[in-house]
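Have a look at the structure below, then the notes.
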There are 2 protein chains.
Amino acid sequence: MPQTPQLDATDRKIIRALQRNGRMTNLDLAQEVNLSPSPCLRRLRALEKNGAIKGYSVEVDAKAYGLPVTVMVRVSLDGHDEATVQRFESQIKAIPEVLECFVMSGLSDYLLRVVVGDLEDYERFVRARLHPIGGIGSIDTSFVYGVVKRSQVYPDISG
Amino acid sequence: MPQTPQLDATDRKIIRALQRNGRMTNLDLAQEVNLSPSPCLRRLRALEKNGAIKGYSVEVDAKAYGLPVTVMVRVSLDGHDEATVQRFESQIKAIPEVLECFVMSGLSDYLLRVVVGDLEDYERFVRARLHPIGGIGSIDTSFVYGVVKRSQVYPDISG
DNA sequence: CGAGGATTTGGCATATCATGCCCCAAACAC
DNA sequence: GTGTTTGGGGCATGATATGCCAAATCCTCG
């Protein structure tokens with residue numbers, strides 16, 4: 001499904017503009033990429049259709065929402081047979097507190113980003129959500145004390 | 001500036017709906033949260049104004065864009081005096097390849113998410129962008145082999 | 001229990017915007 | 001040079017956002 005129709009510089013400009021402001025009007029977007037509204041909207045729809053644009057979202061202050069604690073969790077499995085891996089990954093996808101889960105190189109198999117209300121919630125999360133999955137060899141927890149940078153905008157790779 | 005006007009359940013429903021689809025129409029949004037369009041839009045504007053909603057963005061396929069390699073980098077500084085920390089953080093913010101930078105608990109001081117075109121680009125990034133900052137004690141690189149989950153939607157904390 | 005005020009909601013008119021259609025210009029093949 | 005393909009521009013129409021005013025709800029205090 002995700003074709004690779006090779007994006008050109010204008011497509012990437014559209015993407016970066018929308019990464020800065022995803023609710024930007026097509027008229028403003030067209031102006032920013034030096035196109036008239038019609039072809040601009042056509043390109044946008046094409047990017048959505050071929051999968052380059054996967055969706056739109058809103059950036060929310062986690063603390064204001066009521067989830068002030070973000071945790072990065074490194075997880076290693078104690079076995080890597082198909083069944084263990086499949087069970088872990090499908091279970092992880094179903095846990096709402098887990099916003100992201102990456103397969104990693106290095107010492108641990110997975111890196112999770114988890115949001116919770118407080119430390120107690122995190123302990124509950126580990127006990128009630130993670131451990132019951134089974135097959136987990138080690139869990140290494142790091143708390144996020146602060147955010148230095150958080151950008152949605154990809155670098156310009158025109159050069 | 002980021003007040004804490006205590007969001008209610010409807011505000012959180014608005015947020016979760018927009019996290020699923022950030023370009024959702026106000027009419028559809030109103031229907032989804034059982035409100036008429038007017039008060040729904042007013043709540044939305046209030047959330048934007050008080051900082052609960054920090055902005056809107058688009059989710060882009062990094063590979064389709066031309067940045068197939070994502071790297072998680074753990075960085076420790078060799079000193080923690082004000083000057084070293086300030087220089088590191090302000091420099092990091094200026095590097096376009098660094099999409100995220102968190103201050104962490106645990107063995108390393110920072111966790112960076114970096115996107116590049118290939119391994120060679122990453123080596124250039126470390127040599128030309130990271131090391132010149134100075135004051136860096138250790139760099140621990142982990143490559144992202146795959147994405148198991150990537151959600152923008154916060155858990156429902158009504159209960 | 002009821003009245004006042006404050007807050008939130010709903011409905012409506014208008015301006016703005018998205019969308020689909022048709023035409024035009026440039027690049028390309030033969 | 002001609003036919004073909006690809007991408008851009010303009011316009012009319014339908015959908016949407018926005019601001020204003022009235023009505024309902026909630027809270028508090030008498």
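A, B, ... follow the sequence lines: proteins, then strands. Residue 1 opens every chain. Just so it is clear, the structure is predicted and the values come from calculations on it, not from any experiment.
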Whole angstrom is fine here: how far is it from [atom1] in [X] over to [atom2] in [N]?
X        : N       : atom1 : atom2 : result
Leu29(A) : dT19(C) : CG    : C1'   : 15 Å
Met24(A) : dT16(D) : CE    : P     : 22 Å
Tyr56(B) : dA17(D) : OH    : C1'   : 13 Å
Asn26(B) : dA17(D) : CG    : P     : 5 Å
Leu44(B) : dT8(C)  : CG    : P     : 16 Å
Leu27(B) : dT16(D) : CG    : C1'   : 7 Å
Leu7(A)  : dG7(D)  : CG    : P     : 13 Å
Asp8(B)  : dC26(D) : CG    : P     : 13 Å

Are there any protein N/O atoms within less than 3.5 Å of an N/O atom in nucleotides 8-12 of chain D, and if so, which ones and at what distance?
{"residue": "dG8(D)", "atom": "OP1", "partner": "Arg43(A)", "partner atom": "NH2", "Å": "3.1"}
{"residue": "dG8(D)", "atom": "N7", "partner": "Arg42(A)", "partner atom": "NH2", "Å": "2.7"}
{"residue": "dG9(D)", "atom": "OP2", "partner": "Ser36(A)", "partner atom": "N", "Å": "2.8"}
{"residue": "dG9(D)", "atom": "OP2", "partner": "Ser36(A)", "partner atom": "OG", "Å": "3.1"}
{"residue": "dG9(D)", "atom": "O5'", "partner": "Ser36(A)", "partner atom": "OG", "Å": "3.4"}
{"residue": "dG9(D)", "atom": "O6", "partner": "Arg42(A)", "partner atom": "NH1", "Å": "3.3"}
{"residue": "dG10(D)", "atom": "N7", "partner": "Ser38(A)", "partner atom": "OG", "Å": "3.4"}
{"residue": "dG10(D)", "atom": "O6", "partner": "Ser38(A)", "partner atom": "OG", "Å": "2.3"}

With side chain to side chain contact (heavy atoms under 4.5 Å, CB included) as the test, would you mind laying out the steps for Leu18(B) and Tyr56(B) before giving the verdict?
CA-CA 9 Å; Leu18(B) 286 173; Tyr56(B) 299 88; 4.2 Å; yes
In the single-linkage hydrophobic clustering (I, L, V, M, F, W, Y; side-chain heavy atoms under 4.5 Å), do Val69(A) and Val103(B) co-cluster?
yes
According to a 4.5 Å side-chain heavy-atom criterion applied to Ile, Leu, Val, Met, Phe, Trp and Tyr, with indirect links allowed, do Ile15(A) and Leu35(A) form part of one hydrophobic cluster?
yes
Does the salt bridge (Lys or Arg N to Asp or Glu O under 4.0 Å) test come out yes or no for Arg43(A) and Asp11(A), once each step is laid out?
CA-CA 7 Å; Arg43(A) 278 174 178 268; Asp11(A) 288 327; 2.9 Å; yes
Show your working on salt bridge (Lys or Arg N to Asp or Glu O under 4.0 Å) between Arg124(B) and Glu97(B) and close with a plain yes or no.
CA-CA 11 Å; Arg124(B) 257 193 299 274; Glu97(B) 291 91 344; over 6 Å; no
Would you confirm whether Arg12(B), through its side chain, and Asp156(B), through its main-chain N or O, come within 3.5 Å as a donor-acceptor pair?
no
